[in-house]
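Working notes, beginning with the structure itself.
Every chain is numbered from 1, with letters handed out A, B, ... down the list of sequences.
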There are 2 protein chains.
Amino acid sequence: MPRAGLNPSRVIQEAEQFADEIGLANLTLAGLATRLGIRQPSLYKHLESMDALQVGIATRAKYELADTMARSAVGRSRSAAVRAMAYAYRVWAIAHPGRYAATQRASTPDDHEATSADQAILNVVISVLAGYQLTDDDAIDATRALRAALHGFVTLETSGGFGLPASIDRSFDRLVQGLEVALDGWTDRTACQAR
Amino acid sequence: MPRAGLNPSRVIQEAEQFADEIGLANLTLAGLATRLGIRQPSLYKHLESMDALQVGIATRAKYELADTMARSAVGRSRSAAVRAMAYAYRVWAIAHPGRYAATQRASTPDDHEATSADQAILNVVISVLAGYQLTDDDAIDATRALRAALHGFVTLETSGGFGLPASIDRSFDRLVQGLEVALDGWTDRTACQAR
DNA sequence: CCAACTAGCTATTAGCAATAGCTAAAATGA
DNA sequence: TCATTTTAGCTATTGCTAATAGCTAGTTGG
């Protein structure tokens with residue numbers, strides 16, 4: 001019988017596409033092997049374990065997301081950059097639900113490739129917030145808030161957490177507006193609280 | 001042999017406590033049965049399936065969370081209510097990681113008990129936002145933004161998504177401040193964008 | 001052209017949720 | 001009180017999962 005001509009890279013790429021189609025939770029080695037035209041144990045020639053496969057998907061996905069976010073913000077600053085990045089984030093997440101789910105896995109500190117992917121996303125967000133002149137802890141806090149808002153929204157959206165039929169696009173638009181407002185008043189806490 | 005004296009309620013309560021201890025993902029029927037002093041197949045006398053058990057945990061957890069949030073905001077309004085609710089949300093989620101993970105499961109529309117639990121949380125958030133005089137879609141958008149921010153922050157925190165050692169308490173505090181600022185400027189989009 | 005390497009295979013194991021069918025403990029009713 | 005019914009537990013089993021062991025044939029390097 002002829003060989004399938006696989007390699008670790010091809011396996012991960014097929015797996016991430018498969019995961020987007022059927023959902024990360026439904027990804028099994030047997031299913032992936034069938035899709036690749038081989039038997040399940042043969043997969044172990046290209047990967048270490050199911051866990052390692054998911055880490056591989058997660059790492060690639062994080063780089064891809066970081067890249068998408070970075071491209072979206074090129075040539076923009078402050079609220080325009082935040083807005084562009086937020087939209088790119090949501091569009092990518094919805095277009096790649098399996099990969100996005102994979103990005104939610106936290107990296108183990110000793111996995112340098114995975115932590116580097118985390119750092120890539122972090123760096124993009126930090127760059128996007130550069131125009132706000134936030135320093136040290138303020139920058140970290142704002143980065144976390146931005147990631148939390150985007151991640152929370154997309155997670156709730158993709159998991160069906162927004163039961164109501166009201167426009168999710170509109171809600172996201174308003175969330176981003178809220179983020180812009182909050183970032184404008186980030187260092188000056190009293191700026192917007194007067195009524 | 002004497003009977004264990006179990007019932008569906010006791011099984012779910014033990015399961016949610018167990019899930020908090022070992023993580024929802026590590027909850028197995030075999031483990032739960034051992035903890036209850038019975039064999040794995042015997043569990044099926046009290047539950048329909050693993051899936052149904054998780055729905056049961058999720059529903060109870062959603063009610064518990066809604067109750068916690070509601071109590072925290074009693075006697076408070078506007079930013080004080082938002083702040084109190086946000087803190088109660090995070091404290092409860094961290095104290096009950098298994099249950100909180102369970103709440104992330106979306107309800108199937110035909111499960112009235114589960115959707116009612118969703119509604120309970122929604123109602124609390126809507127009540128807390130009542131002081132902001134938001135109408136219709138604005139209220140929905142603000143509710144979604146608030147839930148997204150809280151859910152995203154807690155999820156990233158509990159999954160280890162905040163790799164940096166910087167104070168997470170402080171970051172959460174700043175997030176809540178950001179929410180207050182954003183809600184103050186919710187209907188008047190230009191209010192806080194002047195620099 | 002032969003030797004080393006390796007990508008595939010079959011066979012198998014252990015852990016999981018789930019079902020079938022049995023039995024003894026509890027609850028019910030005359 | 002005792003007979004009947006109900007049911008909460010049990011053992012045995014199935015099918016699916018990830019994972020390992022060991023074999024073989026296709027590929028590649030000297």
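At least one donor-acceptor pair closer than 3.5 Å links the side chain of Asp20(B) to the backbone N or O of Gly98(B). For the pair Ser42(A) (side chain) and Ile38(A) (backbone), a donor-acceptor distance under 3.5 Å is absent.
Note that Arg144(A) lies in the cation-pi zone of Phe162(B), set by a 6.0 Å cut-off to the ring centre and a 45° limit from the axis.
You'll find the side chain of Leu129(B) reaches within 4.5 Å of the side chain of Val125(B), heavy atoms only. Gln17(B) has its side chain within reach of Arg35(B): a pair of non-hydrogen atoms, C-beta onward, lies under 4.5 Å apart. Contact of the Tyr132(A) side chain with the Asp184(A) side chain is registered, since non-hydrogen atoms from C-beta on lie closer than 4.5 Å.
As a whole-Å value, the separation of Leu32(B) CG from dA17(C) C1' is 13 Å. Taking atom CG of residue Asn26(B) and atom P of nucleotide dC16(C), one finds them 10 Å apart after rounding to whole Å. Separating the CG atom of Leu43(B) from the C1' atom of dC10(D) is a distance of 13 Å, rounded to the nearest angstrom.
By the side-chain hydrogen bond (donor to acceptor under 3.5 Å, both in side chains) test, Arg105(A) pairs with Asp51(A), sequence neighbours left out. Taking the side-chain hydrogen bond (donor to acceptor under 3.5 Å, both in side chains) definition, one finds that Thr68(A) meets it with nothing, sequence neighbours left out.
Within the structure, ring pair (Phe, Tyr, Trp, His ring centres under 6.0 Å) pairs that include any residue of residues 72-96 of chain A comprise Tyr87(A)-Phe172(A), Tyr89(A)-Tyr100(A), Trp92(A)-His96(A) (at least two apart or interchain).
The number of heavy-atom neighbours closer than 6.0 Å to CZ of Arg71(A), taken from other residues, nucleotides and ligands shown, is 12 or below.
For the segment residues 10-22 of chain B, the set of residues with a heavy atom within less than 4.0 Å of an atom of DNA chain D is empty.
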Are there any protein N/O atoms within less than 3.5 Å of an N/O atom in nucleotides 5-7 of chain C, and if so, which ones and at what distance?
residue : atom : partner : partner atom : Å
dT6(C)  : O2   : Arg3(A) : NH2          : 3.0
dA7(C)  : O4'  : Arg3(A) : NH1          : 2.7

Between the protein and nucleotides 15-19 of chain D, are there any N/O to N/O pairs under 3.5 Å, and if so, what are the atom names and distances?
residue : atom : partner  : partner atom : Å
dA18(D) : OP1  : Leu29(A) : N            : 3.2
dA18(D) : OP2  : Leu29(A) : N            : 3.2
dA18(D) : N7   : Gln40(A) : NE2          : 3.4
dA19(D) : OP2  : Tyr44(A) : OH           : 2.9
dA19(D) : OP2  : Met50(A) : N            : 2.6
dA19(D) : O5'  : Tyr44(A) : OH           : 3.2
dA19(D) : N7   : Gln40(A) : NE2          : 3.0
dA19(D) : N6   : Gln40(A) : OE1          : 3.3

